[in-house]
Amino acid sequence: MKNIKIRIKEMVREAFNKLPGYENMEEKEISIMPASRPEFGDFYTNAALKAAKERNASPQKLASDLCGKLAEMKPDFLAKAEVKNGFINFFVNNSVYFDFIKNVHESSGSVLQMPCAGEKKVLIEFVSANPTGPLTIAHGRQAAFGEALARILKYAGFEVVKEYYLNDAGRQIKLLGQSLKARYMQLNGKEASIPEEGYEGEYLIELAKKLKEFREQEDVFFDRFASESILGGIKEDLRAFGVTFDSWINETSFIREGSVNRLIEELKKKGLLYLSDSSWWFKSSAYGDEKDRVVIKSDGSLTYLATDIAYHENKIKRGFDTLVNIIGPDHHGYIPRLKAAVEVLGGNPENFTPIIVQLTTLYRGKEKLSMSTRKGQFISLRQLIDEVGPDASKFFFIFRKTDSHLDFDLELAKKKSLENPVYYLQYAYVRMKHILKFAEEKGMDFSGMKPDFSLLKEEEEIIIAKKVAGFSGIVESVVQTYGVHLLAEYLLELSRAVHSYYQKHRVVNEGEKDITFARLVLINALFEVFSRSLELLNISLPDSM
RNA sequence: GCGCUUGUAGCUCAACUGGACAGAGCGUUGGCCUCCGGAGCCAAAGGCUGUGAGUUCAAAUCUCACCAAGCGCACCA
């Protein structure tokens, strides 16, 4: 079944076509939006206001002309359309929503699977933390968001690849190796100190203990041992968190294959690199960056930007239409130069989509937990998972939009009360399951029956039917805006609908088989969208509490 | 000093990208347990959208200037 919004849109377009001077309205000129209050119907459009302005006409008159045409067309799904203040309000027949419920029932939910995105390849690069320390909660939020976004885009029909870019070369790894070596020496009773700007976290002491039985080692050994062990820990944490990657790609591979050097020569030939102060600069300022950036330092070594350019060339060559980079706010200054790189490499800068995920502040009740990565005082993602669990963590990370700073209260996340939205969700989920199970246990036989939705007249039942039908619209909004939190909010709305309905009306009544069946079908459809939404957000809920 | 993000009910946050009287949850106050799990439901109170101007039929949303918080401003990532 076609999305009700699309059907209204097509109808409005047709009505426009019947009015002289308004033929061939552009796609974006007609937007159909959910109404904000009941007296405005189910949906409304401001198309008349916009179109009239463009053409210096009276919006009121245009709106009522349009409405006249709509009335002539008499679409079966519309109860009425009326004009108010130049807006056109649409009142949809409730039967449309129940038809949809019926479809969900008959297809066992597969009608909910509706690709709406068209064929497009999307690369989502996220987390990409250096293997120099355990993942932090900042990475956790990025991981939770990236995974959910990937699932939703895939659901909508995109081809999606989740990728982790591994900085496994360079100064940071050296510093890490030296820090580990210092810890190792200390454990063996020798004088040694962590290098300037080195890593002081306790995790290196733990790692050094594992090395205790080894003899004196070369520096390279420490570099490799430290980064490989830490990477192993990162992978374990991600597994515990339920986040997976389709592809791991190493910085060193671009250096080893020579693609960095080749690319640098090409850019030199194109005049995009120049020599100054015995180092090579990328002309990023010509593409919107505030200044040019060094790619080869005066000592001859490469900056990270050099390999990043090679990496993004690689992304483009693999044929992705959209490049999503999920990063923390501390890297936002890096965006203009990467965008410049994408542009000179022949990619479309419009499709380069950086998403900045703002920081999370942890609270324990009222107490703010301060964090410093360098000193090694922080709550790692692993500690968070151990304390509040992966599912509650993921929900809290996801249900705020990415560009707002997040306050995460550990006490709240663990509370078993309705202050905690995760419990509210769980309870709704369990209630639905319980109803369905209860009905089954009663052994009522519905075989051969068709649900009669005309029996469902309660306000709460109509609300549920509308919410279920709204699922595809929510998915569509997420695809357009990358606002994953919209789906989390939708889940809370569904939960509210469940609790409210449950409180007022009994679903399973042995004496009234017809209405029981219709209600069960409704609850089942609701359960179906509920489960799918959870799956898209990568959150699992227990079957009982 | 410059740049990015944020500022909305007591608290945590929405507002479908410029739409109608700015909405939820928690908290507060007052009601609901014969009956599928009351870990719930219903109702009320609560707002000059940080401040001040501007753009237009229409601004929380766009422009400018201030104020406040966070983060950046390297031949570090």
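Just so it is clear: chains get the letters A, B, ... in the order the sequence lines come, proteins before strands, and each one is counted from 1. What's counted below: heavy atoms across the whole structure, side chains too, no hydrogens, waters or symmetry copies.
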> Could you check how far NZ of Lys414(A) sits from C1' of rA39(B), rounded to whole Å?
18 Å
> Say you pick atom P in rA9(B) and the same atom in rA22(B); how far apart are they, in whole Å?
14 Å
> Any base atoms under 4.0 Å from Asp330(A), or only sugar-phosphate, or nothing? Heavy atoms, all strands.
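Touches a base.
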> Answer with base, sugar-phosphate or nothing: what part of the nucleic acid does Thr303(A) contact at a heavy-atom distance below 4.0 Å?
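Sugar-phosphate: the residue Thr303(A), judged by heavy atoms under 4.0 Å, touches backbone atoms but no base.
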> Using a cut-off of 4.0 Å on non-hydrogen atoms, how would the nucleic acid contact of Pro421(A) be classed: base, sugar-phosphate, or nothing?
nothing
> Could you check whether His332(A) gets within reach of a base, just the sugar-phosphate, or nothing at all, counting any heavy atom under 4.0 Å?
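Touches a base.
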> Given that both pair distances must be under 3.5 Å and the pair must be Watson-Crick or G-U, what runs of three or more consecutive pairs involve RNA chain B?
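Expected stems, ordered by start: B:1-7 with B:67-73, B:10-13 with B:23-26, B:28-32 with B:40-44, B:50-54 with B:62-66.
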> Are Arg293(A) and rA74(B) close enough that a side-chain N or O sits under 4.0 Å from OP1 or OP2?
no
> Donor-acceptor pairs under 3.5 Å, side chain of residues 46-56 of chain A to any protein atom, not counting sequence neighbours: which ones?
unit_1   : atom_1 : unit_2   : atom_2 : d
Arg55(A) : NE     : Gly21(A) : O      : 3.1
Arg55(A) : NH1    : Ala51(A) : O      : 3.3

> If you look at every strand shown and take non-hydrogen atoms under 4.0 Å, does Asn420(A) touch a base, only sugar-phosphate, or nothing?
nothing
> Whole-Å distance between rA74(B) P and Phe282(A) CZ?
18 Å
> Would you mind calling rC33(B) syn or anti? Take O4'-C1'-N9-C4 for purines or O4'-C1'-N1-C2 for pyrimidines, and syn is within 90° of 0.
syn
> Tell me whether Glu493(A) is salt-bridged to Lys467(A), with the criterion being a basic N under 4.0 Å from an acidic carboxylate O.
yes
> When you check the phosphate oxygens OP1 and OP2 of rC41(B), does a side-chain N or O of Tyr424(A) lie under 4.0 Å from one of them?
yes
> Give the nucleotide from the list rG40(B), rG19(B), rA15(B) with an atom nearest to the side chain of His485(A).
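Looking only at side-chain atoms, His485(A) lies closest to rA15(B).
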> Nearest to the side chain of His499(A), heavy atoms from C-beta on, is which of rU17(B), rG19(B), rG40(B)?
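Nearest listed nucleotide: rG40(B).
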> What integer number of Å spans the C1' atoms of rU61(B) and rU49(B)?
10 Å
> Tell me every residue that passes side-chain contact (heavy atoms from CB on, under 4.5 Å) with Phe438(A), counting only those two or more places apart in sequence or in another chain.
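For Phe438(A) the side-chain contact (heavy atoms from CB on, under 4.5 Å) partners, ignoring immediate neighbours, are Lys442(A), Arg506(A), Val508(A).
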> I need the single residue from Ile264(A), Ile296(A), Leu263(A) that forms a side-chain contact (heavy atoms from CB on, under 4.5 Å) with Leu273(A). Which is it?
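Result for side-chain contact (heavy atoms from CB on, under 4.5 Å) with Leu273(A): Ile264(A).
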> In this structure, how many angstroms lie between the P atom of rA20(B) and the CE atom of Met33(A), rounded?
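After rounding, the reported distance stands at 9 Å.
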> Look at the side chain of Ser500(A) and decide which nucleotide, out of rA20(B), rC41(B), rC36(B), has an atom nearest to it.
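Given the options rA20(B), rC41(B), rC36(B), the side chain of Ser500(A) is closest to rC41(B).
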> Return whichever of Asn85(A) or Arg337(A) has its heavy-atom-nearest nucleotide of RNA chain B closer to the 5' end.
Asn85(A)
> For rA65(B) and rC48(B), measure between their P atoms and round to the nearest Å.
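These two P atoms come out 27 Å apart once rounded.
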> Tell me every residue that passes salt bridge (charged side-chain N to carboxylate O under 4.0 Å, His left out) with Asp292(A), counting only those two or more places apart in sequence or in another chain.
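Applying salt bridge (charged side-chain N to carboxylate O under 4.0 Å, His left out) to Asp292(A) gives none.
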> NA contact type, Pro34(A), heavy-atom cut-off 4.0 Å: base, sugar-phosphate, or nothing?
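Base: the residue Pro34(A), judged by heavy atoms under 4.0 Å, touches a nucleobase.
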> Less than 4.0 angstrom from a charged side-chain N to a carboxylate O is my criterion; do Glu163(A) and Lys315(A) meet it?
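Answer for the salt bridge query: no.
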> Any protein N or O atoms within reach of nucleotides 21-24 of chain B? Criterion: under 3.5 Å, listing atom names and distances.
unit_1  : atom_1 : unit_2    : atom_2 : d
rC21(B) : O2'    : Arg37(A)  : NH2    : 2.6
rC21(B) : N4     : Glu39(A)  : OE2    : 3.2
rG23(B) : OP1    : Arg37(A)  : NH2    : 3.0
rA24(B) : O2'    : Arg496(A) : NH1    : 3.3
rA24(B) : O2'    : Arg496(A) : NH2    : 2.8

> Pull up the glycosidic torsion of rC67(B) and say syn or anti, syn being anything within 90° of 0.
anti
> Between rA45(B) and rG50(B), how far is it from one C1' atom to the other, in whole Å?
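25 Å, rounded to whole Å.
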> Residues two or more places apart in sequence or in another chain: which of them pass ring-ring contact (aromatic ring centres under 6.0 Å, His included) with Tyr97(A)?
none
> Contact class for Tyr423(A) (heavy atom, under 4.0 Å): base, sugar-phosphate, or nothing?
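Since a base atom lies under 4.0 Å of Tyr423(A), the category is base.
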> Report each atom pair, protein N/O against N/O of nucleotides 5-7 of chain B, whose distance is under 3.5 angstrom.
unit_1 : atom_1 : unit_2    : atom_2 : d
rU5(B) : O2'    : Gln358(A) : NE2    : 3.1
rU5(B) : O2'    : Asp403(A) : O      : 3.1

> Identify, with sequence neighbours excluded, every residue that meets ring-ring contact (aromatic ring centres under 6.0 Å, His included) alongside Tyr334(A).
none
> Could you work out, with ring-ring contact (aromatic ring centres under 6.0 Å, His included) as the rule, every residue matching Tyr424(A), not counting sequence neighbours?
His499(A)
> When all nucleic acid strands are considered with a 4.0 Å heavy-atom cut-off, which category describes Ser31(A): base, sugar-phosphate, or nothing?
nothing
> Identify, with sequence neighbours excluded, every residue that meets salt bridge (charged side-chain N to carboxylate O under 4.0 Å, His left out) alongside Asp65(A).
Lys61(A)
> Work out which heavy atom in Trp281(A) is nearest to a heavy atom in Ser276(A); give both atom names and the distance.
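Scanning both residues completely, I find the closest heavy atoms to be NE1-O, 3.1 Å.
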> So what does Arg506(A) touch, heavy atoms closer than 4.0 Å: a base, only the sugar-phosphate, or nothing?
base
> Taking O4'-C1'-N9-C4 for purines and O4'-C1'-N1-C2 for pyrimidines, is rU17(B) syn (within 90° of 0) or anti?
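Glycosidic conformation of rU17(B): syn.
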> Specify the separation, in whole Å, of atom CG of Asn509(A) and atom C1' of rU34(B).
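To the nearest whole Å, that distance equals 14 Å.
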> Take atom CG of Asp42(A) and atom P of rA20(B), then tell me their distance rounded to the nearest Å.
17 Å
> Rounded to whole Å, how long is the line connecting atom CG of Asp308(A) with atom C1' of rA74(B)?
16 Å
> With respect to the side chain of Tyr502(A), which nucleotide from rU56(B), rC36(B), rC75(B) is positioned closest?
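Looking only at side-chain atoms, Tyr502(A) lies closest to rC36(B).
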> Any pair with a residue in residues 400-411 of chain A that passes salt bridge (charged side-chain N to carboxylate O under 4.0 Å, His left out), sequence neighbours left out, goes on the list, sorted by first then second residue, please.
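Output for this query lists Arg364(A)-Glu411(A).
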> At less than 4.0 Å, is any side-chain N or O atom of Lys297(A) found next to OP1 or OP2 of rC76(B)? Yes or no.
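Checking rC76(B) against Lys297(A), a side-chain N or O does come within under 4.0 Å of OP1 or OP2.
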> Set out, in order, the CA-CA distance, both residues' side-chain angles and the distance that settles side-chain hydrogen bond (donor to acceptor under 3.5 Å, both in side chains) for Thr516(A) and Asn509(A), then state yes or no.
CA-CA 6 Å; Thr516(A) 295; Asn509(A) 272 314; 5.3 Å; no
> Specify the separation, in whole Å, of atom CG of Leu49(A) and atom P of rC57(B).
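After rounding, the reported distance stands at 11 Å.
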> Taking the nucleotide of RNA chain B with the closest heavy atom to each, which residue, Phe43(A) or Gln503(A), is nearer the 5' end?
Phe43(A)
> Base, sugar-phosphate, or nothing: which does Asn89(A) touch, judged by heavy atoms less than 4.0 Å apart?
base
> List in chain and number order the residues that pass salt bridge (charged side-chain N to carboxylate O under 4.0 Å, His left out) with Glu290(A), two or more places apart in sequence or in another chain; answer none if no residue qualifies.
none
> Take the protein atom CD of Glu512(A) and the nucleotide atom P of rC35(B), then report the distance between them rounded to whole Å.
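Between P of rC35(B) and CD of Glu512(A): 19 Å.
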